[in-house]
Amino acid sequence: MSIEQFKNRNISDDYYLVDIDDYPTTNLGKFTRVIKRTFKAELLVGLWVVMREMLKFNIHTVQYPKEKLPIGPRYRAVHEMKRLWESGTERCIGCGLCEKICISDCIRIDTRIDEESRKEVSEYSINLGRCIFCGYCAEVCPELAITHGGRYENASEQRAHFIMYDDMLTPMDMLKAGAQKEFEGFGAITPHEDESVKKTPLSY
Amino acid sequence: MSGMVDFKINGRDIQAQRGETILQAARREGIYIPTMCYISKTTPCASCRMCVVEVKGVDGFVLSCNTPAANGIEVSTDSHDLHVERTNIMRLYDVNHPLECGVCDKSGECDLQNKTLEFNVGTQDFSARDERRTIEHWGLINYDPALCILCEKCTHVCNEVIGDDAITIQFGGYSSKVIPKNSDTLDCTFCGECIAVCPVGALVSSDFQYKSNAWELNKIPATCAHCSAGCPLEYEVKHTSIDLADDTIYRVTNNFEFTSLCGAGRFGFDFDIKAEKDISAFSKATEALKNASAIRFTSMITNEEAWLLNRLKDKLGIKLFNEDARLFAEFMSAYSSVSGKKHYSADLSQLKRADGIIMIGSMIASDNPGVRYAMTTAAKHNGAKIIYAHPVEDALMQNVVTQFLKYEVATEEGVIVLLAKYILSRCEVDSKTNEYLENLDVGYLSAESNIGEDELELMMKSLSRTRNNILVVGIDVISHKRATNIAKLVALIEKYSNFSVLIVPKDVNTLGVSLICDLDKDKAVKNTVGYNADGDFIISSLPGHDLTIPALNQQEGTFTSIDKRVLATNPALSFGGYELNDIASVFGLGYRHTIDITKELPLDCGFKRVEFDELNNFLSELGEDVRGYKLTEIEINNPSDLQEIDDLPEFNGTIVYHVNPVLQFNSYTNLTKLLEKDTSLRGSAQFAIAARIKDGDNIEITLPNQVVLMRKFKEDASLKGMIALNPIFDMGHEIIKYRFQKSQIKRVNNE
């Protein structure tokens, strides 16, 4: 790549420079601009675009919270606890690594040996008020049991809502329906992300 | 009666004491008035104005916290106008308050949070340009001015209850904040009381900050195990981590509305010890006890342990050594022989209400902060006259003390008899006592003790109008060579004058041990077993022992406090090893649980047949101490006569006073992580010149018993005279009876 090519930022022939007049400096110039803007009816141009799109039912507004945009798998929102696909049992083996690595001391885990002499998680809570969503817990988990989900709304009436293990655990019906989302790993990209990849104006 | 006032709150007839405020009366009657800055143990701060009420016929609102109830007034505590007023106050408090509740230490127990929800302040309607406010780090205490709501509780407590007077408000409108008084950084005794009373997270413990939310911690109600004040506290515990299933103490809190806690109680909580059942050490311990000639122990034990030790003594026919409790018991028995009562008469709540206090023989701020706080409360709230008699003028007590009586070292007997003479000169005494007091050589006593007659007359003048007088007797008197005679003189003062007597036990359970155990004079004998003390075989909860036993925050049991109250304490942390009850079981003296002993404690010493589980461990809603039970008073009929006053000894040269720095008490506080461990010898510039040492020197102190101590010398501008203060908390089990000692001080070469 030669230096000329490198410096050429016109990545497309469609690009053109917007014609912007210099800012008026004299009082007369300023007055003229006000008059021009007032009577040129630029407002109607914008209104027309809205009207046109409305009539065409080509509306891009996302009706949040009824509609939500898909969120990237890298996004670190409220944690999820996963189940094993085959048996439906909880993946968490109670190793406590997440508790240890947690830098804001918000994970609390307790285990016991159950009747079948298996280690069982008896208590698991994440104090989301303290959590800084750093993702260390998900990263350290050897069983891919704790991952970050996409639920990013953090408002509730009671703080107890933020720490319930059962809320984080994949419900059985969801698992049976095959709807448990697997963690795709760090560095995973958003679905169909490649389609929206465009050249940036700085192509090099 | 004229002392009562009748008035109405919300249409209800209320009777109040004259002088009682509307708020106090309302609280007593269970009528709710919201407050933000009110704290029961101080005078009203009157900074929040939340407690406004309406009084019929009075224009505008009235502050219920500082308005005394008057006859016939009709108060209403709840109306639309009042609600609007209070809501507006809450709105103002919430302006720019940082929204960090998720991690704020106070979240969950925050007054601001609670009241904001109560008044439903959901939006910020006012705005103010915020300022840059930096967080101050004051050692154990952190202060965040952005969170501060300037309620002034901290300054009031610091000044009126603790007596440090170390913080003040820097007024400046919106940029007002709490600042250290007369100093750049906080220079105080670090009691942490300001942390406790802070209604928001502005003043926090730097150790606890960001460790946990309040609701994640379990509260274990217990009694402080550091000194005899027996302050109620709550150990707040949480499990450590998954590989360490045991709990850890995260912090200590107290019922700050009514009680106070010193820094040792608040920050010195991690003196626990871990152990597993070590069978071989256990069998060695029982073997050692079988062969033992004596058990030596300290008073940092529960009543139940003391009782078991006494049973072991009877069973094995061995001796029990505990010099501290033995001296106390001897003092008390001499006292009883004159007063006719088993126990001394006063307690801390009486001390708080007193208006005339004479304190003798203790550096009270370090010996027993509970007594100090009670004295500060008395001085600031009742204007009590406080006479502080001690060879060392304690700069910490300056704000509180009316008159220092600086007597010569070891002349306590002379001082007390002079006090007795002057106090009893106003009272009617029997002829024998009268004769005794008349025959005193006042000139000699006064000259040798260095207490002038004019000083005593000034003291009597201060105390001429006081009605609730208390004589506080400290450790230096109890451990004095002539303690028995002093005790009789003290009892004499109590018997004939309106003085009550409060005797300050040294350690947490000195009083309990002295009542329960039948102690012998400590002699160097072979085959001793040390129980938390020195011995040939050591059973201890301190490092360097042969068998581990639980520390006092790992035990269930009771203490007998300075208030003559039997107080329950609960284990904050688990303990896996053996305890004394297990050892006693080997000798057939054991119980199923150690606390089964609580009801067995000797009745003839004032203990009651009360099960451990029936002992309360809380204060009532109005702050009355309903914990445990009070020892019953026992009549003693064993009269004895006063002895002639001995020649007063002379102490010249470099004198070392063995006293701990504030917040350090013993080997247990020495184990804790947060408390400062300054082991340097502190002395005045004058002392430095006399001993030919200077600030920062490494020195060697040779005590009369040939014990040699290595210390660093620190010059302390607040000290005067020829007495240097030597800490003993790091000296382990070293027994020092009378704490003033003539010593040789030598500079050693600095490496």
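Both backbone and side-chain heavy atoms feed into the values below; hydrogens, waters and symmetry mates do not. Here is the naming used below: chain letters follow the sequence lines, and residue numbers restart at 1 for every chain.
With no hydrogens or angles considered, no side-chain donor-acceptor pair links B:Asp105 and B:Gln209 at under 3.5 Å. Under the 3.5 Å distance criterion, with hydrogens and angles disregarded, no donor-acceptor pair is assigned to the side chains of B:Trp215 and B:Glu109. The closest side-chain donor-acceptor pair between B:Thr123 and B:Asp125 falls under 3.5 angstrom. Between A:Ser122 and A:Thr111, the side chains place no donor N or O within less than 3.5 Å of an acceptor N or O (distance only, hydrogens not considered).
Under a 4.0 Å N-O distance rule, the pair B:Lys274/B:Asp272 qualifies as a salt bridge.
Proximity to chain B at a heavy-atom threshold of 4.5 Å picks out A:Gly129, A:Arg130 from residues 129-140 of chain A, in numerical order. Close approach to chain B, defined as a heavy atom under 4.5 Å from one of its heavy atoms, is seen in A:Gly94, A:Cys95, A:Gly96, A:Glu99, A:Lys100 of residues 90-101 of chain A, taken by number.
Neither the backbone nor the side chain of B:Glu100 comes within contact range of chain A, judged by heavy atoms closer than 4.5 Å.
Residues passing the salt bridge (charged side-chain N to carboxylate O under 4.0 Å, His left out) test with A:Arg37, sequence neighbours excluded: none. Remark: A:Tyr165 pairs with A:Tyr124 by the ring-ring contact (aromatic ring centres under 6.0 Å, His included) rule, at least two apart or across chains.
Counting heavy atoms of neighbouring residues, nucleotides and ligands inside a 6.0 Å radius, atom CZ of A:Arg52 exceeds 12 of them.
In this structure, B:Arg266 CZ and B:Ile141 CD1 are separated by 9.0 Å, a value rounded to the nearest 0.5 Å.
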(message) Run A:Glu80 and A:Lys82 through salt bridge (charged side-chain N to carboxylate O under 4.0 Å, His left out) and show every step you take.
(response) CA-CA 6 Å; A:Glu80 288 176 351; A:Lys82 297 288 156 68; 3.4 Å; yes
